[in-house]
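Being a predicted model, the structure only gives us computed values, none of them experimental. Atom set for the values below is all heavy atoms of this structure, side chains included, hydrogens, waters and symmetry mates excluded.
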Amino acid sequence: MGTCLHLLDLIRKLRIGGSQATIMAVFPGLKPKPMKGAAQLSKAGITFRRSERRNYSEIKFQNGILYLPTLQISPSTASIMLNFIAFERLHPESGQEISSYVRFIDGLTRSVEDAKLLASRGIFLSSSGSSSEIKEFIHKVHRDMNFVPRDSLHTVQHGIEAYYWERMSGWSRRFHDWGVHFKETYFKSPWSLVALLVTILLLALTIDQSIYASLSFYRSK
């Protein structure tokens, strides 16, 4: 396993399956972009399968198939993951594979539907079996990470993004862009949503008043 700085470092390297020299070679030093959820990627034809090994570094994307290692979620998993993340934060020269993995799967599980889809593929195994608890667990670990890692999964993510937009062409792509714009404009804050609802209500009242006035006019004739 190469030189280990701590017992935690040894266990961490067993989980990611490589020595420090191998780990450092995979960092491209590029800024990560936001991920799309698993359900959204699935609509573009991307499928999810378990990797042959359970190492957290065993993530690859080939021919529309995203291979992910199985994550066994138990009451002790959060503390173990956060200890790995804390070590990588204090010793960035040792690599940041666990942090990159957590950021990656957090992006894939934006909703309960995403967590349910990945659990059905054997990517997530939870002792409770609850998709909502899986989602909350992943978001909690990512939130407590409190820093952006040097992402070793940028190449994989870039491949997924390119494949997604290649499939999402024509009207489907324009509809998606419109939906994203609508969500960012009217659901960014509660006041934007209130303003939208008030506008719709006023429009409905105006139409109703116009119809009533027209009916009253014809009745008087």
Side-chain angles (χ1 to χ4, degrees), residues 8 11-12 14-17 32-62 64-89 96-149 151-153 156-157 160-161 163-164 168 176 179-180 182-184 186-190 193:
L8 186 63
I11 300 172
R12 171 183 159 275
L14 289 171
R15 294 292 182 93
I16 62 178
K33 296 180 180 180
M35 285 283 293
K36 292 178 176 59
Q40 186 176 351
L41 294 176
S42 179
K43 292 177 182 178
I46 294 176
T47 57
F48 303 89
R49 292 183 185 175
R50 289 182 296 178
S51 302
E52 294 182 1
R53 296 189 295 173
R54 294 184 63 176
N55 296 334
Y56 293 143
S57 58
E58 290 291 316
I59 297 178
K60 60 182 179 180
F61 182 68
Q62 294 178 337
I65 303 173
L66 179 59
Y67 296 90
L68 295 161
T70 299
L71 175 62
Q72 182 79 43
I73 300 174
S74 67
S76 62
T77 306
S79 60
I80 294 172
M81 297 294 283
L82 289 172
N83 271 281
F84 288 148
I85 291 168
F87 178 87
E88 291 181 349
R89 179 62 165 161
Q96 296 178 348
E97 282 71 23
I98 303 293
S99 303
S100 294
Y101 167 76
V102 169
R103 190 200 66 82
F104 191 87
I105 61 170
D106 177 73
L108 285 177
T109 52
R110 294 182 173 275
S111 66
V112 175
E113 184 183 359
D114 296 329
K116 185 176 180 180
L117 173 60
L118 294 174
S120 70
R121 301 296 186 271
I123 308 301
F124 297 143
L125 298 177
S126 172
S127 55
S128 68
S130 170
S131 298
S132 59
E133 288 185 10
I134 292 173
K135 173 183 171 293
E136 291 304 318
F137 160 80
I138 293 171
H139 288 323
K140 178 185 184 302
V141 174
H142 181 257
R143 182 176 64 247
D144 290 347
M145 189 167 71
N146 199 29
F147 77 104
V148 177
D151 209 322
S152 60
L153 296 171
V156 175
Q157 190 172 332
I160 294 171
E161 191 78 6
Y163 186 92
Y164 176 85
M168 294 287 289
H176 175 269
V180 171
F182 183 85
K183 182 178 179 181
E184 290 179 349
Y186 296 106
F187 291 89
K188 192 172 184 179
S189 70
L193 179 58

How many angstroms lie between atom [atom1] of [X] and atom [atom2] of [Y], to the nearest 0.5 angstrom?
| X | Y | atom1 | atom2 | value |
| --- | --- | --- | --- | --- |
| Arg15 | Arg54 | CZ | CZ | 8.0 Å |
| Asn55 | Thr70 | CG | OG1 | 11.5 Å |
| Asn83 | Ile11 | CG | CD1 | 9.5 Å |
| Lys140 | Met81 | NZ | CE | 12.0 Å |
| Ile105 | Ile138 | CD1 | CD1 | 4.5 Å |
| Ser99 | Phe104 | OG | CZ | 15.0 Å |

Any idea which heavy atoms bring [X] and [Y] closest together, and the distance?
| X | Y | result |
| --- | --- | --- |
| Asp114 | Thr109 | CB-CA, 3.6 Å |
| Leu153 | Ser100 | CD1-O, 3.7 Å |
| Pro69 | Ile59 | CD-CG1, 3.5 Å |
| Ala115 | Ile134 | CB-CG2, 4.1 Å |
| Glu161 | Lys36 | OE2-NZ, 2.7 Å |

Sub-4.5 Å side-chain heavy-atom contact between [X] and [Y]:
| X | Y | result |
| --- | --- | --- |
| Leu68 | Leu108 | yes |
| Arg12 | Glu88 | yes |
| Tyr56 | Leu71 | yes |

Test side chain to side chain contact (heavy atoms under 4.5 Å, CB included) on Phe48 and Leu41; report intermediate values, then the result. CA-CA 10 Å; Phe48 303 89; Leu41 294 176; 4.1 Å; yes
Residues Thr77 and Ser74: side-chain donor-acceptor under 3.5 angstrom: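 The answer is yes; a qualifying pair exists.
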So which pairs with a foot in residues 42-53 pass side-chain hydrogen bond (donor to acceptor under 3.5 Å, both in side chains), sequence neighbours left out? Arg53-Glu58
For Ala78, all residues meeting side chain to side chain contact (heavy atoms under 4.5 Å, CB included), sequence neighbours excluded: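 Residues passing side chain to side chain contact (heavy atoms under 4.5 Å, CB included) with Ala78: Phe137, Val141.
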Among all residues two or more places apart in sequence or in another chain, which pass the side chain to side chain contact (heavy atoms under 4.5 Å, CB included) test with Tyr163?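 Checked Tyr163 against side chain to side chain contact (heavy atoms under 4.5 Å, CB included); matches are Ile46, Phe61, Arg167.
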For the side chain of Ser126 and the backbone of Ser131, is there at least one donor-acceptor N/O pair under 3.5 Å apart?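 Not at all, since once roles are kept as given, no pair shorter than 3.5 Å links the two residues.
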So, Arg110 side chain and Ala39 main chain: donor-acceptor pair closer than 3.5 Å or not? no
